[in-house]
Protein chains: 2
Amino acid sequence: MAPAPENPGPLPKYVQLAELLIRDIDTGRLMDGERLPPERQMATDLHTSVGTLRKALRVMEHKGLLRRVQGSGNYIQRKGGPGGTYAMFRLELLSGGGLPSAKVIDLAPLEKPDDLPVFGTASRATRIRRERFLNDTAIAVEEIWLDAGMGELSRAMLSDSLYQTYLQRLGFWVTRAEDRVSIGTLPDWTPVHFGTPGTPCGYIERYSWADRPQAIEFSRTWFDPTRASYVQRLR
Amino acid sequence: MAPAPENPGPLPKYVQLAELLIRDIDTGRLMDGERLPPERQMATDLHTSVGTLRKALRVMEHKGLLRRVQGSGNYIQRKGGPGGTYAMFRLELLSGGGLPSAKVIDLAPLEKPDDLPVFGTASRATRIRRERFLNDTAIAVEEIWLDAGMGELSRAMLSDSLYQTYLQRLGFWVTRAEDRVSIGTLPDWTPVHFGTPGTPCGYIERYSWADRPQAIEFSRTWFDPTRASYVQRLR
DNA sequence: TGGTAGATCAATCGTGTATCAATTTTACGG
DNA sequence: CCGTAAAATTGATACACGATTGATCTACCA
């Protein structure tokens with residue numbers, strides 16, 4: 001029969017928005033009790049309408065993650081301890097958790113090299129090399145390739161959360177991603193203070209999709225297994 | 001296409017379609033809450049008609065695996081427990097997918113060794129050592145420690161899916177799990193045909209919880225990164 | 001009976017706009 | 001310094017519109 005399993009369709013936008021915000025809560029980017037920006041401003045920042053945004057907020061309120069006060073604002077309400085009801089994936093310190101940040105090593109628009117898997121539609125891509133931290137301890141280096149068709153990126157535009165940058169500066173957001181975790185060795189451009197190129201380490205490949213059939217981003221992450229591990233929580 | 005006349009016994013096409021999709025759920029290709037493509041597109045992708053496809057969807061809805069929302073879409077609905085039977089098995093062949101199976105190497109009730117992290121309440125645990133396969137190619141070895149307080153296991157009781165065994169033979173269901181992926185080396189009891197002890201490999205630690213605050217199971221998995229990788233899909 | 005094809009209906013989504021209600025902030029008078 | 005009222009801010013609610021999508025029905029074929 002048809003060996004054609006289909007690619008998943010995009011979820012309703014308000015669901016994606018809710019999950020985007022919930023991710024920010026889980027990663028610590030949104031703290032307990034913090035007040036969100038006004039709905040109107042937030043809607044324009046996220047390139048959506050107030051109605052859609054409010055549906056997302058309604059979802060979060062229903063999950064007990066948000067307290068909505070008329071005339072005052074929307075307040076984060078952190079529920080229960082770690083590993084709430086949301087399945088998370090990320091790099092964590094061996095001791096658990098950690099507030100993520102990143103330092104850009106290099107950013108350049110380049111021709112896609114031949115050793116990259118096929119993704120996107122353009123022949124060029126923006127290459128970003130970063131060093132990643134959890135609580136100010138370096139845990140990984142990564143190389144991100146963003147298809148040129150998605151827009152131009154400059155160093156000044158980057159924030160700690162790349163996906164947030166994509167949304168605010170380029171007007172699209174990542175709706176789907178796939179990680180493949182394996183083992184590898186540190187690349188030759190690894191900063192000397194991080195480690196020696198060739199050292200065995202954890203290795204993550206990630207494809208990211210937006211609202212089109214072809215992946216728009218491909219990234220490789222090399223993480224130090226003595227300091228961090230890839231964590232997946234399942235409910 | 002090519003509806004070749006077959007023997008009196010071929011399953012109706014819509015049943016085959018339903019089973020195809022259910023298998024995608026079980027293997028984790030379709031995740032909880034995910035939205036399927038529009039029926040029209042899905043029908044053409046699967047080389048069938050909308051009517052036939054809808055019969056298949058109707059079957060899945062009747063089984064509680066699908067939530068159909070008019071005007072919105074078809075959403076995967078996880079049935080009791082953590083998704084499908086293999087939803088928690090996240091290793092895939094490098095070429096993608098693969099049907100999982102396992103061969104028991106050893107099963108023994110033992111005192112918990114000191115190098116194990118604390119879990120459960122008993123001082124003893126059942127140790128299971130298995131070799132794991134995807135499509136009959138060996139991809140990993142694993143060691144599972146089930147707290148003695150959960151019941152007695154015998155070799156004859158084991159099926160390919162341990163969690164299903166727990167449910168059917170011991171009467172509890174794993175509701176939550178946490179994976180930590182890193183790198184390691186093959187243990188000294190690795191079967192010779194699988195690899196040489198000490199060889200670098202991928203390494204997964206997993207804690208599993210049932211209906212009590214303390215973890216009831218701890219497992220370690222060593223996988224061959226040249227044949228499989230740990231996969232995580234995100235929406 | 002099972003599968004295909006097409007037309008039509010109904011519900012939802014995303015967006016935009018307007019209006020109301022509750023709260024906070026500010027300004028003013030004492 | 002205090003109290004009150006007005007102004008500004010912000011969330012809540014409602015409706016309209018077009019596009020998308022599932023639901024239903026009929027006709028036809030093997």
Side-chain angles (χ1 to χ4, degrees), chain A residues 1-2 4 6-21 30 33-77 167 171-173 175 210-213, chain B residues 1-21 30 33-62 65-77 235:
Chain A
M1 194 177 33
E6 58 299 327
N7 49 332
L11 289 164
K13 194 161 286 187
Y14 70 96
V15 176
Q16 296 180 30
L17 280 174
E19 295 191 349
L20 179 74
L21 294 172
L30 290 177
E34 185 170 332
R35 186 171 99 172
L36 296 179
E39 293 183 353
R40 290 165 180 77
Q41 175 189 335
M42 208 164 161
T44 58
D45 286 350
L46 297 174
H47 295 92
T48 186
S49 73
V50 182
T52 305
L53 173 65
R54 299 193 90 256
K55 281 185 182 176
L57 298 180
R58 172 93 69 188
V59 170
M60 295 181 63
E61 182 184 32
H62 187 264
K63 290 188 176 182
L65 294 170
L66 198 66
R67 191 166 48 95
R68 316 184 68 189
V69 185
Q70 183 176 178
S72 176
N74 294 305
Y75 299 87
I76 299 295
Q77 200 171 19
L167 177 56
F172 71 91
W173 64 56
T175 61
D211 258 342
R212 59 199 72 190
Chain B
M1 306 295 274
E6 303 176 36
N7 307 351
L11 266 56
K13 186 170 278 186
Y14 71 95
V15 175
Q16 296 181 34
L17 283 174
E19 292 187 348
L20 175 72
L21 293 172
L30 292 176
E34 193 160 289
R35 183 167 75 166
L36 296 180
E39 293 182 353
R40 290 165 181 78
Q41 176 189 333
M42 200 149 83
T44 59
D45 288 349
L46 295 172
H47 298 93
T48 184
S49 74
V50 181
T52 306
L53 173 64
R54 299 193 91 256
K55 282 185 181 175
L57 297 180
R58 175 89 69 187
V59 169
M60 296 180 62
E61 181 185 33
H62 188 263
L65 295 169
L66 198 66
R67 191 166 48 96
R68 315 183 69 189
V69 184
Q70 182 176 180
S72 179
N74 292 307
Y75 297 87
I76 301 293
Q77 195 171 27
R235 351 157 243 186

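As a whole-Å value, the separation of B:Leu53 CG from D:dG22 P is 9 Å. What separates CZ of A:Arg67 from P of C:dA22 is a distance of 18 Å, to the nearest Å. Between the P atom of D:dT20 and the CG atom of B:Asn74 lies a distance of 18 Å, rounded to the nearest Å. Rounded to an integer number of Å, the gap from B:Leu17 CG to C:dG3 P is 9 Å. Between A:Glu39 atom CD and C:dT17 atom P the separation is 17 Å, expressed in whole Å. Per the geometry, CE belonging to B:Met42 stands 8 Å off P belonging to D:dG22, to the nearest Å. Straight-line distance from the CZ atom of A:Arg35 to the P atom of D:dT10: 6 Å, rounded to whole Å. Between the NZ atom of A:Lys13 and the C1' atom of C:dC13 there is a distance of 10 Å, rounded to whole Å.
A salt bridge links A:Glu39 to A:Arg54: at least one charged side-chain nitrogen sits closer than 4.0 Å to a carboxylate oxygen. Of the charged side-chain nitrogens involved, none lies within less than 4.0 Å of a carboxylate oxygen, so that A:Glu19 and A:Lys63 do not count as a salt-bridged pair.
Side-chain proximity of A:Gln70 to the nucleotides D:dG11, C:dT23, D:dG22 is greatest for D:dG11. Closest to the B:Pro38 side chain, of the nucleotides D:dG22, D:dT10, D:dA12, is D:dG22. Of the candidate nucleotides C:dC13, C:dT24, C:dT4, C:dC13 has the atom nearest to the side chain of B:Ser72.
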- How far apart are the C-alpha atoms of B:Arg35 and B:Asn74, what are their side-chain angles, what is the distance that settles it, and do they pass the side chain to side chain contact (heavy atoms under 4.5 Å, CB included) test? CA-CA 6 Å; B:Arg35 183 167 75 166; B:Asn74 292 307; 5.9 Å; no
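Summarising the geometry, atom CH2 belonging to A:Trp173 is positioned 9.5 Å from atom NE2 belonging to A:His47; distances are rounded to the nearest 0.5 Å.
For the pair A:Ser72 (side chain) and A:Val69 (backbone), a donor-acceptor distance under 3.5 Å is absent.
On a pure distance criterion of 3.5 Å, a polar donor-acceptor pair joins the side chain of A:Arg40 and the base of D:dG11.
In this structure, A:Tyr14 reaches the C:dC13 phosphate: one of its side-chain N or O atoms is under 4.0 Å from OP1 or OP2.
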Nucleotide N/O to protein N/O under 3.5 Å, stretch nucleotides 24-29 of chain D:
none

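Comparing B:Thr52 and B:Gly71 by the nucleotide of DNA chain C whose heavy atom lies nearest to each, the residue mapping closer to the 5' end is B:Thr52.
The only option from B:Met42, B:Arg58, B:Arg40 that meets the side-chain contact (heavy atoms from CB on, under 4.5 Å) definition with B:Leu53 turns out to be B:Met42.
Between B:Leu66 and B:Leu36, the closest side-chain pair of non-hydrogen atoms falls below 4.5 Å.
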